[in-house]
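Below is one structure, written out as structure tokens; comments come after it.
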There are 2 protein chains.
Amino acid sequence: MAQRLSTHDLSTAVRIAVARLSRRLRAEKADDELSDTQTSALAFLVREGSGTIGQLSDHERVKPPSMNRTINCLEEAGYVRRTPDADDGRKVVVVPTEQGLALVAETRRRRDAWLHKRLRTLTPEQRATLAEAASILRELADS
Amino acid sequence: MAQRLSTHDLSTAVRIAVARLSRRLRAEKADDELSDTQTSALAFLVREGSGTIGQLSDHERVKPPSMNRTINCLEEAGYVRRTPDADDGRKVVVVPTEQGLALVAETRRRRDAWLHKRLRTLTPEQRATLAEAASILRELADS
DNA sequence: TATTGTTATACTCTATAACTATA
DNA sequence: TATAGTTATAGAGTATAACAATA
């Protein structure tokens, strides 16, 4: 249950728990799905409506040539479209297609399924703890 | 604070929080550090004392040839040693060296530093919530 | 001259298939 | 015949360097 840990021990506990669950969630990915970066970039475009190569590479913490390749794959698969920027001719605005929007919804549903099944085995108190923790963890990640 | 979420919304909240913090923690890795799998395999060997190629590839969810290469790198760098198995001549027992033990301790300290700094800004109640959540998340990951 | 995107090339990590040695 | 480890080779993802177009 809830021991009082030092912040040092807590760091280790949180890091290990997050890394392990992250790996486990990734293992639930189906073979025909997009890669992590492809999924994440497409999710960004769906969330924001659009984005340039530069914005995407910054957000995903990869270099522009890598993101360029990622967008090439998504474009060939029909999930995004490149459009010219009206104000700045150097920029390329990438927008999700209808197919892209549908894929994001479907992927989310599938990845949540594994976790959802396990969360139902927890007590209401444990679920409440996780709900609070999720909000704390997101703030930490974005800080 | 603690809203009551449906288990479906909770799945999404936990998945996003875990994925985002995981990416953030990985970004804190120094350039001269070992790769994720190298670090994880070495940590396993330090924790368990030793392990075969098969045990390691199972635990890290990679195929034996991949783990073999990982161990080659760690061996060349002087962090592990291959030793013969006394009972089964087909098996190879991998053990960490003194240098390997020291590296795991140092790597943990460094990766925890970023998280540790942020955890100190939380209230004691928030830290208690994370401590409970970490234990719940680990059980989920191992289930 | 600086910035945005792109192309060319190389490196890392992982996988499958085939091989060796042992059980 | 099956298992543990290894070697050979290929594929996916990312990086750096060099280039084109625009600000």
Side-chain angles (χ1 to χ4, degrees), chain A residues 19 22-24 26-45 48 50-77 79-95, chain B residues 19 22-24 26-45 48 50-77 79-95:
Chain A
S22 172
R23 249 183 290 167
R24 190 61 195 268
R26 199 169 311 135
E28 293 303 314
K29 186 173 79 72
D31 289 347
D32 58 344
E33 274 183 48
L34 302 177
S35 74
D36 276 352
T37 304
Q38 286 170 355
T39 303
S40 192
L42 182 55
F44 175 90
L45 293 174
E48 301 293 325
S50 70
T52 65
I53 300 286
Q55 287 173 333
L56 286 164
S57 61
D58 281 353
H59 185 260
E60 301 302 325
R61 297 178 194 264
V62 296
K63 300 295 175 186
S66 301
M67 183 50 65
N68 191 53
R69 264 188 60 169
T70 299
I71 295 302
N72 286 344
C73 291
L74 289 175
E75 193 176 31
E76 281 168 29
Y79 298 128
V80 304
R81 241 181 30 244
R82 278 178 164 89
T83 64
D85 184 301
D87 302 330
D88 188 337
R90 296 171 303 181
K91 293 185 180 174
V92 170
V93 177
V94 186
V95 295
Chain B
S22 172
R23 248 184 291 168
R24 189 64 194 265
R26 200 169 310 134
E28 294 302 315
K29 186 175 79 71
D31 289 348
D32 59 342
E33 274 182 47
L34 301 178
S35 75
D36 275 354
T37 303
Q38 286 170 357
T39 303
S40 193
L42 183 55
F44 175 90
L45 292 175
E48 302 292 325
S50 68
T52 65
I53 301 286
Q55 287 173 333
L56 286 164
S57 63
D58 281 352
H59 185 260
E60 301 303 324
R61 294 177 194 267
V62 296
K63 298 296 175 186
S66 303
M67 183 51 63
N68 191 53
R69 261 192 62 167
T70 300
I71 295 302
N72 286 344
C73 292
L74 290 174
E75 192 176 33
E76 280 168 29
Y79 297 128
V80 304
R81 243 182 27 245
R82 277 180 165 90
T83 63
D85 185 302
D87 301 329
D88 189 336
R90 296 171 304 180
K91 292 186 181 174
V92 170
V93 177
V94 186
V95 294

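Rounding to whole angstrom units, CG of residue B:Asn72 and C1' of D:dA8 are separated by 14 Å. What separates CD1 of A:Ile53 from C1' of D:dA21 is a distance of 15 Å, to the nearest Å. In this structure, B:Ile71 atom CD1 and C:dC13 atom C1' are separated by 14 Å, rounded to whole Å. Straight-line distance from the CG atom of A:Asp87 to the P atom of D:dT22: 15 Å, rounded to whole Å. At whole-Å resolution of the value, CE in B:Met67 and C1' in C:dA15 are 14 Å apart. If you measure from atom CD of A:Glu60 to atom C1' of D:dG13, you get 14 Å, rounded to the nearest angstrom. Following rounding to the nearest Å, A:Leu56 (CG) and C:dT4 (P) show an atom-to-atom distance of 14 Å.
Of the side-chain N and O atoms in B:Asn68, none sit less than 4.0 angstrom from OP1 or OP2 of D:dG5. In this structure, A:Thr37 does not reach the D:dG13 phosphate: none of its side-chain N or O atoms is under 4.0 Å from OP1 or OP2. In this structure, A:Ser35 does not reach the D:dA12 phosphate: none of its side-chain N or O atoms is under 4.0 Å from OP1 or OP2.
Under a 3.5 Å cut-off, the side chain of B:Ser40 and the backbone N or O of B:Asp36 do not form any donor-acceptor pair. No donor-acceptor pair under 3.5 Å is formed between the side chain of A:Ser50 and the backbone N or O of A:Val95.
Counting only N and O atoms by type, the side chains of A:Glu60 and A:Thr37 include no donor and acceptor under 3.5 Å apart.
Using a 4.5 Å heavy-atom threshold, the side chains of A:Asn72 and A:Arg82 count as touching. Looking at A:Thr52 and A:Met67, their side chains never come closer than 4.5 Å, going by heavy atoms from C-beta outward.
The A:Arg90 side chain lies nearest to C:dT4 when the options are D:dA2, C:dT4, D:dT14. Nearest nucleotide to the A:Pro65 side chain, out of D:dT16, D:dA15, C:dC13: D:dT16.
Nucleotides of DNA chain D nearest to A:Lys63 and B:Lys91 differ in position, and the one nearer the 5' end is that of B:Lys91. Between A:Asp88 and A:Arg69, the residue whose closest nucleotide on DNA chain C is further toward the 5' end is A:Asp88.
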